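See structure below.
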Amino acid sequence: MNLENNLAFAKAQDAADKLKEFRSQFLFPKHNDKEFIYLCGNSLGLQPKAAKSALEGQLDNWANYAVEGWFDGQAPWMYYHKELKKLMAPIVGALPAEVCPMNTLTVNLHLLMVSFYQPTNKRFKILMEGGAFPSDQYAIESQVRFHGFDPNESIIEVFPREGEELLHTDDIIAKIAENADEIALVLFGGINYYTGQWYDMEKITKAGHSIGAIVGWDLAHAAGNVPVRLHDWEVDFACWCSYKYQNSGPGGISGIFVHQKHFDNKNLNRFAGWWGYQENNRFKMEKGFVPEPGADGWQVSCTQVMPMALYHASLQIFEKAGFIDPLRNKSIALTNYLEFIVKQVNVDLGFEQYKIITPSDSINRGAQLSIIAKEKGKRIFDGLVKKHVLGDWREPDVIRLCPIPLYNSFEDIYQTGQILLALSKNILN
Ligand SMILES: *Cc1c(COP(=O)(O)O)cnc(C)c1O
């Protein structure tokens, strides 16, 4: 399709958008009574209007039933996570039994590494992306130390080639092959938070398995953003946060995935707690941990009802809108349009002020574009916020903009381009 940098074109795209009514189900931040163009759903998704009543519903249950709420009422808390499992499974291409909402992301990374990183003197290395999100770096480093190994010898990071920003799948696979006898675990982010690069998860998973390693994924920036098929790809484990692309609110509940092939594996270590114990016998309170089958067996503490209520409200919107295809198709169209608009700004300025480092092919990216602002980036970013365009800033020079198919419009993107152009002319002249 020929894209056009004008309001009539953007409005026509919005008019033809089958998902357009979902925008009205979200609350947009305002400043001086003017709504922001919100392009920061990769960091914190917007609040669904349904979130408040979902939370109030659970506050009412607490008020009306108190402790009996665990077993009484319309949706007893004891089984509440099962409702979420059904809705979470399609988001990551899993069976409902393979997923479970619990804890927060970094905590789950640790819990899953306890099970799936079991180094031996020969096979003890972890392969990860260079420049991974810091929490993942710290979690991996501390797990390695916990097992008595030296992070400098045990962690292999794959970096971009000299002068490049992105990883080549071939380089990742070559690193796996080079360390074939020593890698215990391949643990990557599905989409890199900084560049927005979506890695070839299926190929990397296969390569890891071919040398006998376990393969896990941190899907913080992938879950609810791009289609992943964890079950079919035979990924061993994964976890994600739900407050970015899945709009569950700050500090929202995390999700885990454990592949069905591991359900009967008695050799997996766990840091156990009572809520992972066999559901039917949990309240016998007996000695000796017996896990509930499936991902539920990794639960530690009792169900976090309030954050789950928020996540549930958002998952219901995903179900209605249709994940994957309708949302993904719109996401691709919006991101392509944003890419076109940013390039138009360069054309109108007469030089390349904005360099997009995110891959240009939708097979290698989700909704996010990471844009290097070559001159005066921070001033331009601050100017955008003043003009009610909210993206986010990453040192030293990257502006991340992220159009979300549930609540962003083509007009949002057209307007962002207009504001960016005017600001750039002002600040750079
Ligand atoms: C956002 C993000 C986190 C955040 O972890 P929390 O435990 O939720 O604070 C961790 N890892 C990655 C890759 C992220 O993008």
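As the structure lists them, so they are numbered: ligands from 1, and atoms in each ligand from 1. For reference, positions follow the sequence shown, starting with 1. Values in this document were obtained by computation on a predicted structure and should not be read as measured data.
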(message) For the CD atom of Gln304 and the CH2 atom of Trp77, what is their distance to the nearest 0.5 Å?
(response)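 One finds 14.0 Å between CD of Gln304 and CH2 of Trp77.
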(request) State, yes or no, whether a side-chain contact exists between Asp392 and Cys40 at a heavy-atom distance under 4.5 Å. (result)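 The answer is yes, as the side chains (C-beta and beyond) meet within the 4.5 Å cut-off.
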(message) Would you say that Phe257 contacts Cys239 through its side chain, given a criterion of any heavy-atom pair below 4.5 Å between the two side chains?
(response)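 Heavy-atom side-chain distance check fails, nothing below 4.5 Å.
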(message) For the 3.5 Å polar cut-off, considering only N or O atoms, please tell me whether His221 and ligand 1 meet it.
(response)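 Yes, there is a polar N/O contact under 3.5 Å.
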(message) With nothing but distance in play, are any N or O atoms of Thr106 less than 3.5 Å from an N or O of ligand 1?
(response)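 Yes; at least one N/O pair falls below 3.5 Å.
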Using a strict cut-off of 4.0 Å, indicate which atoms of ligand 1 neighbour a heavy atom of [X].
X	value
Ala220	2 (C), 12 (C), 13 (C), 14 (C), 15 (O)
Asp218	11 (N), 12 (C), 13 (C)
Lys244	1 (C), 2 (C), 3 (C), 14 (C), 15 (O)
Tyr243	1 (C), 4 (C), 5 (O), 6 (P), 8 (O), 9 (O)
Asp136	10 (C), 11 (N), 12 (C), 13 (C)

(message) Looking at every non-hydrogen atom in both residues, tell me the closest pair between Val235 and His259 and how far apart they are.
(response)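 Closest heavy-atom pair between Val235 and His259: O-CB, 3.1 Å.
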(message) Any salt bridge linking Glu182 with Lys122? Criterion: basic side-chain nitrogen under 4.0 Å from a carboxylate oxygen.
(response)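 Not counted as a salt bridge, because no side-chain N and carboxylate O are separated by less than 4.0 Å.
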(request) Identify the protein heavy atom lying closest to atom 3 (C) of ligand 1, giving its residue, its atom name and the separation to 0.1 Å. (result)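 Going atom by atom, the protein heavy atom closest to atom 3 (C) of ligand 1 ends up being Phe133 CE2, 3.3 Å.
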(message) Between Lys18 and Pro326 (side chain of the first, backbone of the second, donor and acceptor by atom type, cut-off under 3.5 Å), is there such a pair?
(response)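 Looks like no, no N/O pair under 3.5 Å.
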